[in-house]
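Just so it is clear, the values below take in all heavy atoms, side chains as well, and ignore hydrogens, waters and symmetry mates. Residue numbers begin at 1 in each chain, while the letters A, B, ... track the order of the sequences.
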Protein chains: 2
Amino acid sequence: MPQPAGQHTVRRHNCALVLDAIADSPGLSRAGVAARTGLTKATVSTLVDRLAAASLVREQGPQHRAGPGRRGTSLSLSPEGPHGLGVEIAVDHVATCLVDLTGEVRWSAVSPSANRAQPAGRVLTRVAKAVRTALGEAAARDVTVGGVGVAVPGLVEASTGLLRRAPNLGWRDVDVPAELRRRTGLEAEVLVGNEANLAALAELRAGGHDGLRDFVHVSGEIGIGAGIVLDGELYHGTRGFGGELGHFPVSSRGPLCSCGARGCLERLAGQDAILGRAGAADLPTLLDRLEDGDRKAAAAVRAAARPLGTALSSVLNLLDVPAVVLGGTYARLFPWLGEPLRAELTGRVLSAPWQPIGVLRSPLGTEAAVRGAATAAVHTIVADPDTFIADGVLP
Amino acid sequence: MPQPAGQHTVRRHNCALVLDAIADSPGLSRAGVAARTGLTKATVSTLVDRLAAASLVREQGPQHRAGPGRRGTSLSLSPEGPHGLGVEIAVDHVATCLVDLTGEVRWSAVSPSANRAQPAGRVLTRVAKAVRTALGEAAARDVTVGGVGVAVPGLVEASTGLLRRAPNLGWRDVDVPAELRRRTGLEAEVLVGNEANLAALAELRAGGHDGLRDFVHVSGEIGIGAGIVLDGELYHGTRGFGGELGHFPVSSRGPLCSCGARGCLERLAGQDAILGRAGAADLPTLLDRLEDGDRKAAAAVRAAARPLGTALSSVLNLLDVPAVVLGGTYARLFPWLGEPLRAELTGRVLSAPWQPIGVLRSPLGTEAAVRGAATAAVHTIVADPDTFIADGVLP
DNA sequence: GTCGATAAGTTCAGTCGCCAAACTATTGCG
DNA sequence: CGCAATAGTTTGGCGACTGAACTTATCGAC
């Protein structure tokens, strides 16, 4: 239901506006923020003081600039501010990390853990231990943890936070936040998200694709996961199940898939399909051969570009998104996959003739999902600092 | 760029909130609006007075209710308020209509016009004439025209309002609003949109699908157009080209399409494909045969459900949207198409097992697009009445 | 019929956040 | 040293919402 607005709403909005400006160009002065946001210097001063009191913003020495006039004090997101704690529950490991407000990773850890087909309770106990370690690390650095994000390989229902299905883990209807809170005594917010979606979020905030606010992130791993970013926000659909791309039907008579259909993208352009066609045992082998100029290997990668391009062109036509970011395995295959894919897309996307399509490589490695989870946690603070301050300081 | 907020922002927000509450349940009293929105009675009174002064809201006699206490005055959207003027430029006709704030059609007209492959200028002169007629009609009814919406069969660039491509008209890069304003001396806002997208918008606001805020609207006509509604808003993509579904690749070896690819949805599930497979010359013939229980005709419709289901399941998996609304030709074929399509979708959408998918029939006829255009025009007023009042009354 | 209970709507002082403008502080340059 | 330019603070005022008291209207019971 829509909420009524009052003066507090105004302050909330402007507080976020100011913090966003500072996050966007660190080193800005109060006057600079005022010029950029359209607020007056007086208002900016008040709001910056508030943000600094909550240690979200840090004042640094005076700016360096030529010409006359007093120097402004540089403002930037405080590295001592609240941190985000990211957790990834994967099939074969549990990863954790701490990021500061700027999105910088300040600490991270990975512990191997055979989670496939384990009871959820046992795995979550292990996860809780990893979380406690991370919390200890945060305490040692004397920073508070402002929020926790958990990336899981499955369908997460947005309204409840329930993990509805996780085929690779064999889980159903697990309330990850509640379980985790119960096992750790955690007080901060815990949010859960699909691993591929959170990886896309990491790409948005830390991928370095300057100004790119709309794209589809595709990460080829065992399956094919996708995350859709629209207008600088992760799109996750009515219930949170958005972005499923792996079972896109690209061929009416392809191999049978575990989902029951034929010709799913996953079966035709997934890692296993490429390895199989190239006759390589694993990814390192394939990469070695590609580096050596092996024709068969290159052909196998090019062959994957076709179904991938077919599926992605549909997505691009549907959503009118101007770019695709390739992550996971695809990022490593980028030198061989990028061009064929671009060609495929250019031929199929209706707006391509006058609006070229970006095919970009993800600079983030396999840690994209954890990072996305942690970033999502801090982002709730950065996106609405005033609420965070009001909730965290007064009561 | 994000805008700073001030008191005026608060009023704008709350003004819209109040009007929305009234639009949502006509007959509400000031006290009722207060209870519903969370604002105080005092605030609601002030805002309602403002809205009534601009004749957006009308006071009607006292409410009827049992029990003691003073009766409230019923409030509803004023039918004498500003109207929206909708225009549809189709291949073989130009349609216009006037709708009031409630979305009710108050007047409409269609004039046949062979627009295919005509120079844009000549067609627009004809369109301008139709618009002037509509403006005259509005003047005769003593209502102002608050905005004009134009539906066109092509790709419209959102940032500029330019019609980039209209294959069926043979147009390229036409500035419809400017041309129309020049030919009519119109002062109101003119917005342009893709015909399928606007039809989806009409479905949202006037389709009577109570509370449905997320769906994909598919209208089978000569081509196949789609409109995506997310969270009660039309989604049109980064540049406005979103919702293209006609060239979804559903078969690797289907018939060649004009777009250069093979197996496009349009070729496999479009009206012509169905008619061809049924051996019917036109739609009325097909419908007659279906009514008579003709097996071949029914089989032809069922055959179209497969590719349509394949494409739509991809869309539903990608966007996590819970419902599909069938319009245009598909609405008329609904009794024969609905069930097979539902079955197809239920089998392919990942969340279907625990979240049933709605397959709904559009109650709007071929006039959905004009209506959507007109509705879009009034909606800019209803969505932000305060700005409309400030812009329209003071200067 | 009158009175009390109940609900709708209005009035008014109070609060809060933003704004404009004046003011102080700092720096380079002639 | 004084002036111009820029950063940041102080202050009075304004607009929009709130809460509470007040007025208006209606029913039902005695």
Is any side-chain heavy atom of [Y] closer than 4.5 Å to one of [X]?
{"X": "A:S55", "Y": "A:T144", "result": "no"}
{"X": "A:T380", "Y": "A:F388", "result": "no"}
{"X": "A:V33", "Y": "A:V48", "result": "no"}
{"X": "A:R58", "Y": "A:P79", "result": "yes"}

Is there any protein nitrogen or oxygen under 3.5 Å from a nitrogen or oxygen in nucleotides 26-30 of chain D, and what are the pairs?
residue: D:dT26; atom: O3'; partner: B:R71; partner atom: NH1; Å: 3.1
residue: D:dT26; atom: O2; partner: B:G69; partner atom: N; Å: 3.2
residue: D:dC27; atom: OP1; partner: B:R71; partner atom: NH1; Å: 3.3

Interatomic distance, B:D386 CG vs D:dG15 C1' [rounded to whole Å]: 12 Å
Atom pair distance, as rounded to whole Å: CG in A:L28 and P in D:dT6: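 Taking atom P of D:dT6 as the reference, CG of A:L28 is at 16 Å.
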Residue-level proximity of residues 40-47 of chain A to DNA chain D when a heavy atom falls under 4.0 Å: A:K41, A:A42, A:S45
Side-chain N or O of B:N14 closer than 4.0 Å to phosphate OP1/OP2 of D:dA16: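 Negative; the distance criterion is not met.
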Side-chain donor or acceptor of B:N14 paired with backbone N/O of A:A5 under 3.5 Å: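 It does hold such a pair.
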Just checking, is any N or O donor in the side chain of [X] or [Y] under 3.5 Å from an acceptor N or O on the other one?
{"X": "B:R213", "Y": "A:T238", "result": "no"}
{"X": "B:R71", "Y": "B:H64", "result": "no"}
{"X": "A:R36", "Y": "A:S25", "result": "yes"}
{"X": "B:T43", "Y": "B:T40", "result": "yes"}

Residues B:R30, B:D49: salt bridge by 4.0 Å N-O rule: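 Salt bridge flag = yes for B:D49 with B:R30.
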First of A:Q7 and A:L39 reached from the 5' end of DNA chain C, by closest nucleotide: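 That would be A:Q7.
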Whichever of A:S74 and A:G6 has its nearest DNA chain D nucleotide further upstream toward 5':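 Going by which nucleotide is closer to the 5' end, it is A:S74.
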Span of DNA chain C, from the first to the last nucleotide whose atoms fall under 4.0 Å of chain B heavy atoms: C:dT6 to C:dC18
Contact summary for A:C15 and A:D386, nearest pair of heavy atoms: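 So the two residues come closest at SG-OD1, 3.7 Å.
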